[in-house]
Each structure stands twice: as structure tokens, then as C-alpha cells.
2 protein chains.
Amino acid sequence: MAGSARTRSRGPYRTGVRRREQLIAVAIDVFGEHGFAGGSVRAIAERAGVSHAALIQHFGSKGGVLMAVLQEWDRQTVEARLADVSGLDYFRRLPAVMGAHEHNRGLLQLFTTIAAEASSPSHPAHAFIQQRYATNLATLAGHLQQAVDAGDVAPLTPAEIDIEVRLVTAVLDGIGLQWLLDSSTDMAGSVDVYITRTIMGWRRADAETTRVATTARNPV
Amino acid sequence: MAGSARTRSRGPYRTGVRRREQLIAVAIDVFGEHGFAGGSVRAIAERAGVSHAALIQHFGSKGGVLMAVLQEWDRQTVEARLADVSGLDYFRRLPAVMGAHEHNRGLLQLFTTIAAEASSPSHPAHAFIQQRYATNLATLAGHLQQAVDAGDVAPLTPAEIDIEVRLVTAVLDGIGLQWLLDSSTDMAGSVDVYITRTIMGWRRADAETTRVATTARNPV
DNA sequence: GTCTATAGACTGATAGAC
DNA sequence: GTCTATCAGTCTATAGAC
């Protein structure tokens, strides 16, 4: 609307975006450390060197801060994540992606804490996290299906693919949590072992193992 | 010390323990839904039909309630968990243990939420969760080592065993989270696929895969 | 043992000066 | 845009009556 031209020298609200980015960065740390419920607007504002009123002014509400944080997390992970690879190569990159988190504890801690918190339907980020997981699983499934179509791995039914991508996701999340609790955990190494072995299994008709296990377990 | 004999008809504080158990059960639900930071003493007391003062009186503080909850969770999982099996059979039971959680969402949600929250060193349950994971990993490692000694699986180095049990733990935690976010997730089935396939891998000298992957990855 | 009443601190959010 | 001042509500915890 009516923006004062004097406050911005070149781009639109030049200093505004920097301030906003800094506020979000601090909010990631605070929400990562104390979760959404435990992280207060005042704590974020104090650590950023502004008043809590200014923070609310920027984002409208505490929930607005959370949404900005989640979108920033989305942006960073999507842009870091492999637009240039597909099929099996997508999975082969996952250990490196995981290893990169070792130098950026805050973002991993944020996501782990919020994802667990948001498992409750009443949590403000519940829908966001649910959709995020659905999208992530679908992306992985697409790459695995592509590997099947290319003949890189033995055929898999959609149900088998679903289990495979859920296991991959579970390993990533679970190893991340273990590293947060014990920094001596070798995230990249552990994930690498899983991915390497799993791809080897996909190559042979190891799908038979899956099929036997799933059908034999069901007593109905 | 000086307990009124009139208030207990037979056992020691007969009604007291029932009340206490009920309060803990409610606290598990509330902390599971909102985490420790987000779950208030008042919410627990209100849902249990007592005043918040009475609840504090029972457990001394909010942190005391958390500790009682964690010990109860410990008790339930330890007693449910397989004192009668060891070696590979211990791993074979894990899918059934996971499947049992499908009928008891509260306890799984509690642990998932608290574990993630407690990844922050300042969290009151941080030490508890850390030790819990260390103990759990050590137990799994002991059973896997036992399987090695019994000749049920090919030899594994301690470092390889460490990765194996971390991956198993990661799958359990990660699949549990996915089920919390999407109840159509087949927890028992997914874990069963992983366990069955992994044990098959342990049988052959699949350890070579592990060794190749771990050494090839390190650029040092 | 459980209650009511209350202390004392912190919460998210708003109003208005500059 | 950021501040100070302030709101009404909630939090944990304590004191004291019954």
C-alpha cells in the first residue's frame, strides 16, 4: 500500500527483510530448544534485541511466528534437497543431507520437536506437519517408482513401495533424534549403512522378503 | 511416618495408590497431548476431578508429576517387554510390541513428545531420556551380541552392532511418529518387514555391506 | 487428604507515544 | 517501525481451613 520511500534505499523494504530473517532465525532456535508451547514470544524478542510488541507486530501473533518459521524451514530444506537428482540417486544423497545437519543443530531440533508436538491434532502446526509428511513420502515413492520403471531395481507393488519409503523416513527421523540426544551418533554413517544395504536389497528380488513377511504376519 | 490407621482399611494407603495411579494416567494423557511445557497442572487436575493444589500436594511439583509419569511409563514398557526372550527372539518380538501400541495411543504419544522435547539439555527430563536411550541401545546390543556368540548370525564388530541397534531403534521411533501423524500407517507390518529382512541380512555375511559402506564414506 | 484463597510471576496481545 | 505501558488471563506453588 502506502510505503515510505525514504525507509528503503533500493529493494522493497530492504532492511525489513533482514530484520525479519534475523527474527525467524532466533525463533527457530527458541522453538527448537523449548518447542512451540514452551518457547515464548518474549524469549524470542529478548534474544533478538527487540521488544515483544515489535515481534508480534511483525508476525501478527505467536502462531504467525510459527508459520513463518515452518515456511523458512521448508524453504531451506527444499532448496538444499536435490532438485538435480532423481531415482536411486535421490536416496544415495540422503546420507550427505543428514550429515549436513550435524553442523546445523537448530533446524533439526526444531523440526524434531515440532513434529512430535504436532502429532496432537489440536496443535497449530498439526495440518502443516501432516501434509509435509504426506508430500515427503509421495516424493520418495515417486523416485523409487521411477527406479523400478527404469529397471534399476526389481518390481515392487505400491504397498511395498509405501513401506519402503516409510522405513527410509523413519530411519532419517529416528537417527536424527538419537544424534540430538547423543552427539557422538554418526548420522551420516548410520544412514549410509541403511541406504546402501537397502538399495542392494532392492536390486535383487528382495521384494520377496517383504511379501512373505507382510502376508505371513496377518492372522485374519 | 505417622500415618492415620483409620484412612487405610487393609494395605498401606489403600485408596491413596489408586488415586495416585489415576492421576498419573491422566497426566500421561495431558503431557502426551500437549507435551510437558504445554501441559498444565491445572489441566491434569481438572480432568482428574481434583483441585490443582491436591495434585501438587501429591507430587510436590510439576516436575514431580513428570517424573512419576516417566517411571510409570518405564514400568509399563519394561514389564511388557520380553523378560522371557533373548538373542534374535528379542528382535522378532518387536513388531508385536509395536502393534500393541496401536491400542494405546496415549503412551506412545507421551514418549514421542517428551523424547523430542527432552533433546534440549535444559529440559527436566533430558537426563532421564538420555539414560533411557543408552540403556535401551545397550540391551539391544547385548541381545545381538548373544546371537553372534550363539552362531545365529555372522560375526559383527562392536561398531557394526552399534549401528545395527541404532537403526532398529530409529525404525521403531520413526514408524511410531508416522502412525501418530497418520493412523493408517501399519506399524507392526512396517517394523516386521524391517526386522525380518534385517535378520536375514545378519544371517548371511551381509556385514560386509556395512563394512564397505562405513569405510568408503570416510574421506579422512 | 482435599478444598478455597491467594501470592507472585509469566503469558499473548493491544494502545498509543515517538 | 520500534518503543513503553498496560491489559486480562494463565501459570506454578503455598497457606490455611475443614
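So that the names make sense, note that chain A is the first sequence line, chain B the second, and so on, each numbered from 1.
- Arg18(A) has its CZ atom 15 Å from the P atom of dG1(D), to the nearest Å.
- A straight line from CZ of Phe59(A) to C1' of dT2(D) spans 14 Å, rounded to a whole angstrom.
- Electrostatic pairing of Asp162(A) and Arg166(A) counts as a salt bridge here, judged by a charged N lying under 4.0 Å from a carboxylate O.
- A cation-pi geometry, defined here as NZ or CZ lying under 6.0 Å from the six-membered ring centre and within 45° of its normal, holds between Arg132(A) and Trp73(A).
- Between the C1' atom of dT14(C) and the CZ atom of Arg42(A) lies a distance of 12 Å, rounded to the nearest Å.
- At a threshold of 4.0 Å, the pair Arg75(B)-Glu72(B) counts as salt-bridged, since one of the basic side-chain nitrogens sits closer than that to a carboxylate oxygen.
- For the segment residues 44-58 of chain B, the set of residues with a heavy atom within less than 4.0 Å of an atom of DNA chain C comprises Gly49(B), Val50(B), Ser51(B), His52(B), Ala53(B), Ala54(B), Gln57(B), His58(B), in numerical order.
- Side chain Arg19(B) to base dG1(C): no donor-acceptor pair is found below 3.5 Å.
- Judged by the 6.0 Å and 45° rule, Lys62(B) forms a cation-pi pair with Phe36(B).
- Straight-line distance from the CG atom of Leu66(A) to the P atom of dA13(C): 12 Å, rounded to whole Å.
- A centroid separation of 6.0 Å or more is found between the aromatic rings of Phe91(A) and His143(A).
- Using a cutoff of 4.0 Å between basic side-chain nitrogens and carboxylate oxygens, Glu33(B) and Arg47(B) are scored as salt-bridged.
- Atom NZ in Lys62(B) sits about 15 Å away from atom P in dT10(D), given to the nearest Å.
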